[in-house]
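As structure tokens, the structure follows; a few thoughts come after it.
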Amino acid sequence: MKIFSAEQLHEADKITQEKQKITSLELMERASSRIFEEINNRLNGAEIKIKVFCGIGNNGGDGLVVARKLVREGYHVDVYVVNYSDKRSEGFLENYRTLKEDTKNWPVLLKSEDDFPEIKSNDFVIDAIFGIGLNRPLVEWVQKLIVRINESKAFKVAIDMPSGMLADEIIADQPIVEANYTLTFQAPKLAFFLPETAPFAGNVQIIDIGIDGQYLAENPAKAILIGEEQAASLYQPRSKFTHKGNYGHTYMVGGSYGMMGSMTLSSKAALRIGVGKVTAVIPQCGYGILQTSVPEAMVEVVPHDIHLADMKLELKKEDIVAFGMGAGTNEKSIELLTTLLNQVKTPMLIDADGLNMLSKYPELLELIPEKSILTPHPKELERLIGSWKNDFEKLDKVQKFSDKYKVTMVIKDAYTMTVSSDNIYINTNGNPGMATAGSGDVLSGVIAGLLAQGYDPAIAAVFGVFIHAKAGDLVVADTVPDALIASDITAYLGKAIRSLFEKPETKA
């Protein structure tokens with residue numbers, strides 16, 4: 001599913017009106033009617049006090065339409081107009097008049113903190129103050145209103161976007177409505193998936209309002225949301241007439257004394273995702289551990305007992321190297337990475353301490369093979385690209401880094417993002433149980449295993465992230481997030497792939 005910028009969505013509205021020969025008011029009525037239907041279906045006539053906070057732009061107009069329809073349906077509705085400016089949109093003015101004429105229910109005008117109504121914890125609040133139209137800091141008393149709404153602990157539904165949130169940037173220290181649900185028009189917004197802003201959106205539901213399909217199909221997206229349908233299309237099924245040599249050879253290079261678990265997890269994950277062969281390249285202290293824990297893997301030891309050391313690997317040109325899991329940052333280990341960067345011509349996967357080595361010696365970045373995959377968690381990312389003032393700037397810096405070094409970046413977080421130059425792919429499955437030691441090592445094994453099987457690097461990253469997270473969700477479906485450990489994710493990788501092609505059960 002595509003994610004568009006605010007500017008693109010405004011343009012899509014105009015094109016829809018032109019092609020469908022409807023006015024902006026008619027499009028507003030259609031969109032707001034679908035919001036009303038969703039809210040009405042959820043409330044189902046409940047005896048509850050509804051407080052609708054409307055701005056004076058088009059989002060406020062949406063709120064007025066929803067309020068009018070709720071009143072007609074018999075709900076107890078109080079409407080408040082947040083009068084933060086002298087300007088009014090046509091949609092707001094028309095629906096303001098209609099609300100007063102049709103319902104005899106005059107909205108209350110809020111002009112300062114003195115006008116704030118009481119909001120109780122058992123109220124149902126609809127936020128229609130700004131939506132996607134906000135592009136500047138809020139005036140002080142409106143900020144205080146948002147704080148009041150949040151402090152009330154009332155159940156909150158935001159129309160299109162929680163007020164205070166911007167679609168394509170962040171205003172520092174600006175309060176945002178903490179919505180329980182966000183009913184957003186036609187397409188999700190990038191802010192719904194960034195660590196700083198995502199928690200404010202709550203559960204997001206996309207409401208189809210009939211925006212022109214040709215525009216949505218033909219225009220480039222700001223980002224792509226990866227769902228099961230997209231993931232299934234990326235999978236490469238096996239032919240019956242093949243052998244292990246058809247599915248690649250991955251060299252997993254890493255490990256140090258006390259950190260061999262990382263290598264067992266990543267090696268086993270690469271095998272579980274389907275790679276033909278795995279060779280674990282490790283210090284001598286890990287030989288018995290790897291041979292016992294992952295008997296399917298081959299093992300090569302470097303000339304050092306407790307950490308990696310420089311050596312020449314006998315690589316074929318199509319072999320894939322994954323480097324860094326549990327490696328430490330000893331100078332001898334860095335020498336091995338330098339040798340590999342000079343030797344390997346196929347895309348590599350670099351994770352964990354491999355990334356820390358690149359940060360420590362940035363001149364090594366110039367040696368990374370094109371289309372390689374880097375998989376940093378937030379602190380590793382910061383060491384690579386420097387600090388950022390907000391998540392939008394972070395994404396911009398990641399895109400520039402990706403473009404400069406011609407690599408794919410997997411930005412691990414609650415919503416993991418895969419960035420390949422101008423393209424951003426967002427994964428939304430996974431769960432808090434996956435915040436556990438070794439989960440990232442499993443992901444490295446998964447992606448490296450897919451790379452070795454011939455997946456395009458960006459696709460290997462996107463598909464690998466999805467399957468890794470889906471496996472975590474299947475684990476939690478059988479237990480609880482607290483009990484998940486990294487090796488559980490590996491055990492469920494096959495089930496995760498199979499789930500993409502299972503048809504939902506239908507009742508007789």
Side-chain angles (χ1 to χ4, degrees), residues 31-55 59-82 95 99 103 105 107-108 110 113 115-132 134 138 141-167 174-185 188-189 191-193 196-209 414-415 428 431-432:
S32 303
S33 295
R34 292 180 185 173
I35 294 287
F36 158 74
E37 289 165 6
E38 187 62 36
I39 292 174
N40 186 40
N41 288 339
R42 291 174 184 275
L43 292 180
N44 196 26
E47 292 289 332
I48 188 170
K49 288 189 176 181
I50 301 173
K51 290 182 166 63
V52 185
F53 291 88
C54 300
N59 194 244
D62 293 325
L64 293 170
V65 174
V66 172
R68 181 205 333 141
K69 291 180 177 292
L70 288 168
V71 171
R72 286 178 178 173
E73 198 67 23
Y75 290 98
H76 185 285
V77 181
D78 293 318
V79 182
Y80 302 94
V81 172
V82 183
N95 283 296
L99 177 69
T103 67
N105 186 18
V108 176
L110 306 181
E113 191 174 355
D115 301 325
F116 290 176
E118 181 183 15
I119 309 171
K120 297 182 178 179
S121 60
N122 58 350
D123 287 340
F124 186 93
V125 169
I126 297 176
D127 165 28
I129 305 173
F130 293 109
I132 201 172
L134 184 64
L138 303 177
W141 72 266
V142 177
Q143 292 189 40
K144 290 180 178 179
L145 174 61
I146 289 177
V147 171
R148 173 74 65 87
I149 291 171
N150 289 338
E151 289 176 345
S152 73
K153 304 303 179 184
F155 191 92
K156 297 172 284 294
V157 171
I159 296 180
D160 205 21
M161 292 187 71
S163 290
M165 182 187 292
L166 280 69
Q174 178 161 282
I176 300 172
V177 168
E178 297 167 0
N180 299 89
Y181 266 86
T182 297
L183 303 177
T184 197
F185 294 135
K189 283 67 180 175
F192 296 163
F193 307 103
E196 286 179 274
T197 48
F200 295 98
N203 294 301
V204 176
Q205 184 171 341
I206 299 162
I207 305 297
D208 187 346
I209 61 172
Y415 296 127
T428 59
N431 61 80

Nearest-0.5 Å distance that lies between atom [atom1] in [X] and atom [atom2] in [Y]:
X	Y	atom1	atom2	result
L145	L110	CG	CG	6.5 Å
I209	R34	CD1	CZ	8.0 Å
E37	S32	CD	OG	11.0 Å
I146	I176	CD1	CD1	8.0 Å
I119	K51	CD1	NZ	7.0 Å
D208	I206	CG	CD1	9.5 Å

Note, [X] side chain near [Y] side chain (heavy atom, < 4.5 Å):
X	Y	result
V66	V52	no
I126	I35	no
F193	T428	yes
V204	K189	no
D78	P117	no
V71	R68	no
E38	Y181	no
F200	P175	no

Applying side-chain contact (heavy atoms from CB on, under 4.5 Å), run through I132 and N59 and close with a yes or a no. CA-CA 8 Å; I132 201 172; N59 194 244; over 6 Å; no
Compare every heavy atom of [Y] with every heavy atom of [X], then report the nearest pair and how far apart it is.
X	Y	answer
D160	F192	O-CZ, 3.4 Å
A67	V79	CB-CG2, 3.6 Å
A179	T182	CB-OG1, 3.8 Å
A201	M165	N-CE, 4.2 Å
L99	P107	CD2-CG, 3.6 Å
C54	G63	SG-C, 3.7 Å

Under the criterion side-chain contact (heavy atoms from CB on, under 4.5 Å), I'd like the reasoning laid out for E73 against F36: C-alpha separation, chi angles, the key distance, then a yes or no. CA-CA 10 Å; E73 198 67 23; F36 158 74; 3.9 Å; yes
Residue of the set V77, V157, N180 for which side-chain contact (heavy atoms from CB on, under 4.5 Å) holds with F124: V157
Report yes or no: is the cationic atom of R42 (NZ for Lys, CZ for Arg) under 6.0 Å from the centre of the six-membered ring of F155, at an angle within 45° of the ring normal? no
Worked check of side-chain contact (heavy atoms from CB on, under 4.5 Å) between V82 and F130: CA-CA 10 Å; V82 183; F130 293 109; 5.7 Å; no
Contacts of S163 meeting side chain to side chain donor-acceptor pair (under 3.5 Å) (sequence neighbours excluded), chain-then-number -> D127
Under 3.5 Å: donor-acceptor pair, side chain of K156, backbone of A154: yes
Looking at Q174 and L138, would you say the former's side chain and the latter's main chain have a donor-acceptor pair under 3.5 Å? yes
Please work out which of the three classes, parallel, tilted or perpendicular, describes the rings of Y80 and F53, given edges at 30° and 60°. parallel
